[in-house]
Each structure stands twice: as C-alpha cells, then as structure tokens.
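Ligands are counted one by one from 1 in listed order, and the atoms in each one are counted from 1 as well. Note that these values count all heavy atoms, side chains included, but never hydrogens, waters or copies made by symmetry.
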Amino acid sequence: MAKRIDSTPKKDGYRMPGEFEEQEQIFMIWPERPDNWRDGAKPAQKTYAAVAAAISRFEPVTVLASPAQFANARNRLPRDIRVVEMTSDDAWVRDCGPTFVKDDKGGLRAVDWDFNAWGGLYDGLYFPWDQDNMIAQKICELERIDTYKTEGFVLEGGSFHVDGEGTVMTTEMCLLSPGRNPHLSKEEIEDMLKDYLNCEKVLWIKDGIDPDETNGHVDDVACFVRPGEVACIWTEDENDPFYQVCHETYAFLREQTDAKGRRLKVHKLTMPKKQVFLTGKEEIDYIEGTIPREEGDICVASYMNFLIVNGGVIVPQYDDAYDSLALKQVREMFPDREVVGVSTREVVYGGGNIHCITQQMPKR
Ligand code: KQY
C-alpha cells in the first residue's frame, strides 16, 4: 500500500528532478467529457492517441481510461501502451496527477497537491472535481509510491517548472490567483514550493497567457531546457495578443540567476503566427457546472507546451505558418534529442496541450 508521509521532501532529501532528467514512464488520461471536448471527444481521442504513440517511441506510456471508455481506449491505442481503468473528471494529468520527487539512493515518492479544477468555486472550470482530486493518490497506489499530501494547499503541475538543482519558476498570475490559496501570502506560497519541490529559489514570472483557463500556467510561457538554460515564448508582431507578455518575460528571465548563482541563458521560442479560436461549428455540450466554451473564445496555442522525454521532445503543431520554425528552434535548444511534432489543435480546443495532458514519472 502507498503510505502518507508526515514530513516534507526537503526534510527527507527528496527533490523534483528536471523534466530533462531520465524518466521511467509517462501518464495520460483518456479524454471523453462532451462539455469540454468537441464532437463527443472523438477528435480529441485521436489526437491523444497520436501523442501517446509519439511518446511511446521513447519510453513507456500508461493511459488511464474510465470504465465507459476503457475498451475504446484499449482498441485505439497501440498495444505497447498500457491502459488502466481509472475514473477522472477530465483529462489533464499534468495538473491533477502526482509530482514525483526522488532522492539520490534510489527512492521515489510523490507530492499529492489539492486540485480544485483551476480555481474552485471562485473561477474553476468545472464542478465537481472530486475524481480528479483522487488521481494522484490512485496513480501512487498503482505504482506503490508513498506520498506527501499538501492538505488545503492547491497547486497544479502545469503551474511550475524546476531545474532539479534548486530553482523553480512559476507565475504570479496563477499562484496568487484568488481561487487557489487566498489564505496564504506570497511568502507562504513560496515556502510551500521550496519545501515540497526541495528548492531554494523561486523565479516569479508576472503573467501567463491564458488567464481564463488556468489563470496563467507557466508551461505555456517558459521552461527549463537544462540547468542554467531556459526557453521563453517570443514574438516580434506587436499585434500578437501576447506581445507584451513575451517581451516582459524575456526581459525578466535575462536578468535572473538560478539557485546556483548562474545567470540564465534564455532561448526564444516563437509564438504561432495565428492564435486558435472556437468558430461556433464545434459541437460542445452545455452542462451546468461547467464554464461554457463558446464561439469566439480564444484557445491559447503555444509551442512552449512541449514535453521532454528520454531522447526526444514532443512538440505541438497547429497547421500554422510558424510550425516548422518552432521545430527548428526546439531542435537548436535540444541538439541531442529527436524533436517530433504532433498536430494538437484538438487539444487546444479543450484548453491545453501536450505538456498539460502528460505527467512524467522519473527514473529512480
Ligand atoms: O493545463 C491545462 N491547460 C488545463 C486546462 C483545462 C481546460 C479545461 N477546459
């Protein structure tokens, strides 16, 4: 049985590794809810299957599927992908799944944050979220991983990145949003990050680019490429809705040092030429308790929402004029990895991308 540990990773010598460190497997959740995914989630299921297949060329993948969708998911996914029945509210394992932490003696544990659908009753995206809130625990039971539970502290995996060497980056827009931890000060939130990710320094980027969806998760804006190096979204088009965030974030990161005192090298990663919008042709159910997805809504598309895997990087593509530029820039950042593009407009329609729908479990 997976035990609850009444301590913190920092006290016990466990740290969250950088995504670029060796991984054991990737988790995903099969999409199905028709009030988030268009056309009964069928186009999204095809895209999730394509992402899972792309990742499985590099390392094992486990897909969690509801009882109603288990057979369909099993039949639509390649045989080398493990499918496990598990109930969820939606399909964002980055955010409701565990954050794995490891020590240098082969120990692996996880942090089980509280999850409240990106803002709870204040501005969360759906109600209820109780099944999603149990996903981290269920994955840890499955893998026999002991957990640290942050009772009363809300956090999603897409809202922070670490370099594995003492630095965490996040956004004020998300972590200080009133729907997460309004009872805590910025300093108290910073202490939670330091204690549970085992870090010494927090880089507070001001804004994200999807205030209405995740309240500005950092995984659309910036990430660590390796210790001492980060990537940052970029555009020179003053009419791009995210021009200001790109320039402010780039200027901020260029001024920063990490926990080890290194001045950060900052790689630019283009934004798509055109953002994606709901056209009104998508059939999306309208259900009480879920924020409606309506014609004209922006569905934020960022190439930054890629996933680093063993020997590879899986990068979103949008049928956009800058798709190949984005792949080229990611290849320059990761010369020793194979960079694979997967068309993910359908995930964007649901409110996220490759990084949001995956969660890595590191090698012990
Ligand atoms: O991490 C994410 N981007 C999740 C967004 C949830 C969207 C639900 N409509």
Testing D219, T358, V342 for side chain to side chain contact (heavy atoms under 4.5 Å, CB included) with L307, which one passes? T358
From I354 CD1 over to T47 OG1, what is the distance, rounded to the nearest 0.5 angstrom? 9.5 Å
Heavy-atom cut-off of under 4.0 Å around ligand 1: list whichever protein residues fall inside it, by chain and number. N36, W92, D95, W118, L125, E213, T214, H217, R293, G350, G351, G352, C356
Any Lys/Arg nitrogen of E22 or R364 sitting under 4.0 Å from an Asp/Glu carboxylate oxygen of the other? no
If we only count heavy atoms from C-beta on, is the V276 to V300 side-chain gap below 4.5 Å? no
Are W30 and W37, when compared by the centres of their aromatic rings, separated by less than 6.0 Å? no
Name all residues meeting the side-chain contact (heavy atoms from CB on, under 4.5 Å) criterion together with D320; count only those two or more places apart in sequence or in a different chain, and write none if there are none. P272, K273, K274, Y303, Y318, Y322, D323
